[in-house]
**Q** 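Dropping the structure in here first, questions after.
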Amino acid sequence: MTTPFELPTQSARVSDAERDRALVILREGAAQGRLSHDTFLFRMEKALAARRPDELAVLTADLRTDGRWTRKVVGAVEKVSAFTARLGRAWSAERLPKLLLPAPGPHPLRIGRDPVNGLRLSHETVSRLHAELGQQGGLWLLRDLGSTNGTTVNGRRVTGTVVVRAGDVVGFGQMSFTLATG
């Protein structure tokens with residue numbers, strides 16, 4: 001039994017460094033998708049209110065990070081993987097046929113399967129009137145004309161009109177080209 005003048009025995013108080021480490025672990029867990037948003041917020045509040053190291057340990061027990069060597073090896077593999085992906089994109093981009101930007105004129109270049117288009121692409125994924133490419137105010141503009149299989153620029157689907165430049169990869173349905181100047 002304790003007297004009014006005795007303090008109950010407790011474990012050591014949480015240091016700022018320990019609290020910061022726990023917060024970093026929680027943030028990394030949320031960033032990796034290992035915690036839902038609500039769970040992350042709940043645990044952050046508990047970590048900020050924690051008074052003992054064991055309270056922090058409970059909050060981060062399921063999120064323990066790997067050792068230093070594991071992090072280095074995983075980081076190296078991630079870098080090699082990213083390089084391999086970039087190399088693959090560069091390899092395929094170089095092998096794409098070039099689409100020369102047309103000479104500026106009063107009318108844009110129509111692209112599609114229909115013979116009336118300035119650029120006829122006879123592929124089943126290209127719409128009859130697929131897209132148009134023109135110059136306005138010194139900028140090249142690509143506009144999808146409501147195609148069924150879509151128009152893309154650098155892998156992103158075009159909705160409306162977008163600015164394009166030499167070197168961009170444009171796609172009409174499943175046909176892709178690299179824009180180039182003549």
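Computed from a prediction, not measured in an experiment: that's the story for all the values here. Quick note: numbers below take in every heavy atom, side chains included, and nothing from hydrogens, waters or symmetry partners. In what follows, residues are counted from 1 in the order of the sequence shown.
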**Q** What residues, two or more places apart in sequence or in another chain, satisfy side chain to side chain donor-acceptor pair (under 3.5 Å) together with Thr125?
**A** His123

**Q** If you round to the nearest 0.5 Å, how far is CD1 of Ile111 from CG of Leu145?
**A** 8.5 Å

**Q** Kindly give the heavy-atom pair with the smallest separation between Ala131 and Leu142, and that separation in Å.
**A**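 Where Ala131 meets Leu142 most closely, the heavy atoms are CB-CD1, 4.2 Å.
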
**Q** Taking the side chain as every heavy atom from C-beta outward, state whether Pro102 and Trp140 have any pair of such atoms under 4.5 Å apart.
**A** yes

**Q** Show me the donor-acceptor pairs, under 3.5 Å and distance only, between side chains in residues 37-47 and residues at least two apart or in other chains.
**A**
unit_1, atom_1, unit_2, atom_2, d
Thr39, OG1, Ser36, OG, 2.9
Arg43, NH1, Leu59, O, 3.0
Arg43, NH1, Asp62, OD1, 2.9
Arg43, NH2, Asp62, OD2, 3.2

**Q** Tell me every residue that passes side chain to side chain donor-acceptor pair (under 3.5 Å) with Glu55, counting only those two or more places apart in sequence or in another chain.
**A**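 Counting only residues at least two positions away or on another chain, Glu55 forms a side chain to side chain donor-acceptor pair (under 3.5 Å) with Arg52.
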
**Q** Could you tell me whether the side chain of Thr60 and the main chain of Leu63 form a donor-acceptor pair under 3.5 Å?
**A**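 Judged by distance alone, no pair lies under 3.5 Å.
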
**Q** Considering only heavy atoms from C-beta outward, does the side chain of Val164 approach that of Leu139 to under 4.5 Å?
**A** no

**Q** Quick check for you: to the nearest 0.5 Å, what is the distance between Arg165 atom CZ and Thr181 atom OG1?
**A**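 That separation rounds to 13.5 Å.
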
**Q** Could you check if a side-chain atom of Leu121 sits within less than 4.5 angstrom of a side-chain atom of Phe177, using non-hydrogen atoms only?
**A** yes

**Q** Under the side chain to side chain contact (heavy atoms under 4.5 Å, CB included) test against Asp168, which residue among Thr178, Val163, Val153 passes?
**A** Val153

**Q** Using side chain to side chain contact (heavy atoms under 4.5 Å, CB included), reason through Leu101 and Leu179 one step at a time and then give a plain yes or no.
**A** CA-CA 7 Å; Leu101 291 166; Leu179 289 178; 4.0 Å; yes

**Q** Considering only residues two or more places apart or on different chains, which pairs with a residue in residues 107-120 satisfy side chain to side chain donor-acceptor pair (under 3.5 Å)?
**A** Arg110-Glu132

**Q** Cut-off 3.5 Å, no hydrogens considered: what does the side-chain donor-acceptor table look like for residues 74-85, sequence neighbours left out?
**A**
unit_1, atom_1, unit_2, atom_2, d
Thr84, OG1, Val80, O, 2.8

**Q** Evaluate the criterion side chain to side chain contact (heavy atoms under 4.5 Å, CB included) for residue pair Val170 and Thr151; output intermediate values, then yes/no.
**A** CA-CA 7 Å; Val170 296; Thr151 302; 5.8 Å; no

**Q** Which class fits the ring pair Phe172 and His130: parallel under 30°, tilted 30 to 60°, perpendicular over 60°?
**A** perpendicular

**Q** Minimum heavy-atom separation for Pro108 and Gly134, please, with both atom names.
**A** CB-CA, 4.0 Å

**Q** Going from CZ on Arg156 to OG1 on Thr159, what distance comes out if it is rounded to the nearest 0.5 angstrom?
**A** 11.5 Å

**Q** In Å and rounded to the nearest 0.5 Å, what is the CG to CG distance from Leu119 to Leu99?
**A**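 So the gap between those two atoms works out to 6.0 Å.
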
**Q** Does the side chain to side chain contact (heavy atoms under 4.5 Å, CB included) test come out yes or no for Leu26 and Leu35, once each step is laid out?
**A** CA-CA 8 Å; Leu26 291 172; Leu35 292 177; 4.1 Å; yes

**Q** Step by step, would you call Val169 with Leu96 a side chain to side chain contact (heavy atoms under 4.5 Å, CB included)?
**A** CA-CA 8 Å; Val169 175; Leu96 289 176; 3.5 Å; yes

**Q** Restricting to side chain to side chain donor-acceptor pair (under 3.5 Å), what partner residues turn up for Asn149, sequence neighbours left out?
**A**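 None.
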
**Q** Determine whether a donor-acceptor pair (N or O, by modelled atom type, separation under 3.5 Å) exists between the side chain of Glu28 and the backbone of Ile25.
**A** no

**Q** Does any part of the side chain of Val14, heavy atoms only, come nearer than 4.5 Å to the side chain of Arg51, both counted from C-beta?
**A**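 No, side chains not in contact.
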
**Q** Between NZ of Lys98 and CG of Leu100, what distance do you get to the nearest 0.5 Å?
**A**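 Separation between the atoms: 9.0 Å.
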
**Q** Closest approach of Arg157 and Ser147, non-hydrogen atoms and distance?
**A** NH2-O, 4.2 Å

**Q** Minimum heavy-atom separation for Ala166 to Ala180, with atom names?
**A**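 That would be CB-CA, 4.3 Å.
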
